[in-house]
Amino acid sequence: MSNSPALLLRSRLTPPISAITAYDYPTARLSDEAGIQLILVGDSLGMVVGGNPDTTSVTLEHMVYHTEMVRRGVDQAVIVSDLPIHTYNNPEAALESSRRLIKAGADAVKLEGGLGQIEKVERLVQSEIPVCAHIGMLPQRVVEEGGYKKKGKLKSEADRLLQAAFALEAAGAFAIVLESMVAEVAMQITEALEIPTIGIGAGNNCDGQIRVLHDVIGSYPWFVPPFAKVYGNVAEVTREAIASYVKDVQS
Ligand code: KIV
């Protein structure tokens, strides 16, 4: 894969990799201007933009629409777009859905899951579509798993995660997100793989970190995940500005 799109993308990511989600033109442009290396148009938009309890109602049409907005705001960062649930049930569906996201402006796509996704990753990579893998806690499975649970606590589970990570790398993934997993397991995977690991709730020893924009800037105060560090208070600034406007109109 010497000059493959996946390898070219990887060369644009220098550990420690800073990654964040963005869903529209202003958040993408501000993230890019701040020097973020990778922007994920995450299906978390179903929650932090759409107000839904999880990501399972997000469609390909939503992702195409938001990817187009993000593309217009980005000059430097690598743009990865999520394949939403049910849009990659088999390799052909994965290819067709990914082509829509690439056409909308994504440099790469992300899909959730381990050994069950290998054929799909291979199919996409063969078709020159770079793939970011995603293992550990899988938000698209939250309903069937009955909640958000940390992964890798049992040795058997940790072994499965390591096996999946190896297989996804061998299938051609250019990077892998490790979500909500025991830090020690994430570190083991990071040391074992050549491709970069990008952690969220997976300790400090990954090759990079990714966070949901709304957690970082404090613009979704109604739910903040336990691992999130909040760096701003956009919710308060927004409330105060609107309240001042209301007061102005009333006076
Ligand atoms: O959709 C998303 O925001 C994600 C991140 C949590 C990695 O997949």
Side-chain angles (χ1 to χ4, degrees), residues 15-21 38 40 42-48 52-58 80 82-89 94 108-121 131-216 223-229:
I17 299 162
S18 54
I20 199 162
T21 64
L38 183 152
L40 172 69
D43 60 358
S44 51
L45 66 84
M47 301 167 78
V48 296
N52 295 294
D54 56 57
T55 62
T56 58
S57 58
V58 175
V80 179
D82 263 334
L83 284 164
I85 190 166
H86 305 316
T87 67
Y88 55 104
N89 289 346
V109 299
K110 176 166 81 59
L111 52 74
E112 295 184 7
L115 295 177
Q117 310 296 26
I118 298 304
E119 243 189 284
K120 297 167 199 171
V121 174
V131 181
C132 178
H134 182 160
I135 60 171
M137 206 285 291
L138 305 176
Q140 291 176 5
R141 302 225 182 122
V142 68
V143 177
E144 53 196 273
E145 290 194 359
Y148 297 98
K149 294 179 187 136
K150 206 169 190 80
K151 300 294 176 170
K153 289 186 184 163
L154 299 174
K155 164 117 178 47
S156 55
E157 197 174 54
D159 289 347
R160 265 203 309 280
L161 287 167
L162 188 60
Q163 197 192 356
F166 269 129
L168 288 159
E169 175 175 82
F174 78 95
I176 182 165
V177 167
L178 308 180
E179 178 160 1
S180 194
M181 115 180 16
V182 172
E184 185 66 28
V185 177
M187 186 169 82
Q188 256 185 326
I189 294 174
T190 302
E191 282 170 358
L193 295 191
E194 281 188 26
I195 58 172
T197 60
I198 306 178
I200 175 164
N204 293 330
N205 292 305
C206 299
D207 296 308
Q209 294 290 330
I210 182 160
R211 293 292 181 271
V212 170
L213 172 92
H214 291 55
D215 298 339
V216 170
F223 173 72
V224 181
F227 53 78
K229 182 169 166 192

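Below, each value reflects all heavy atoms present in this structure, side chains not excepted, and no hydrogens, waters or symmetry copies.
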Grab the two heavy atoms, one from I176 and one from H134, that are nearest each other, plus how far apart they are.
CG1-N, 4.3 Å

At their closest point, which heavy atom of L178 faces which heavy atom of C206, and how far apart are they?
CD1-SG, 4.2 Å

Can you tell me which residue among I20, L40, V48 is in a side-chain contact (heavy atoms from CB on, under 4.5 Å) with V212?
V48

Polar side-chain atom of N52 near backbone of G46 as donor-acceptor pair, under 3.5 Å:
yes

At what distance, to the nearest 0.5 angstrom, does CE of M47 lie from OG1 of T56?
9.5 Å

In Å and rounded to the nearest 0.5 Å, what is the CD to CZ distance from Q209 to F227?
10.0 Å

Stepwise salt bridge (Lys or Arg N to Asp or Glu O under 4.0 Å) test for K151 and E145
CA-CA 12 Å; K151 300 294 176 170; E145 290 194 359; 2.9 Å; yes

Calculate, to the nearest 0.5 Å, the distance between atoms CD and CG belonging to Q188 and L193 respectively.
11.0 Å

Quick one: does E112's side chain have a donor or acceptor within less than 3.5 Å of a partner on Q140's backbone?
yes

On a heavy-atom basis, which atom in A228 and which in D215 lie closest, and how many Å separate them?
CB-CB, 3.9 Å

Rounded to the nearest 0.5 Å, what separation is found between the CG atom of L83 and the CG atom of L111?
5.5 Å

Sequence neighbours excluded, which residues qualify as salt bridge (charged side-chain N to carboxylate O under 4.0 Å, His left out) partners of K229?
none

Calculate, to the nearest 0.5 Å, the distance between atoms CD1 and NZ belonging to I198 and K110 respectively.
10.0 Å

State, with a plain yes or no, whether a side-chain heavy atom of I200 is found less than 4.5 Å away from one of R211.
yes

At their closest point, which heavy atom of Y148 faces which heavy atom of P53, and how far apart are they?
OH-O, 3.9 Å

Quick test of your reading: applying salt bridge (charged side-chain N to carboxylate O under 4.0 Å, His left out), list the pairs with at least one residue in residues 184-203, sequence neighbours left out, ordered by first then second residue.
none

Any side-chain heavy atom of D82 sitting closer than 4.5 Å to one from V58?
no

Looking at every non-hydrogen atom in both residues, tell me the closest pair between V185 and G152 and how far apart they are.
CG2-O, 3.6 Å

Q117 and V131, any side-chain heavy atoms less than 4.5 Å apart:
no

Checking the side chain of E169 only, and the main-chain atoms of F174 only, is there a donor and an acceptor separated by less than 3.5 Å?
no

Close side-chain approach of L161 and I135, heavy atoms under 4.5 Å
yes

Enter the distance from I85:CD1 to R141:CZ here, rounded to the nearest 0.5 Å.
8.5 Å

Measure across G201 and K150 and return the closest heavy-atom pair with its distance rounded to 0.1 Å.
O-NZ, 3.3 Å

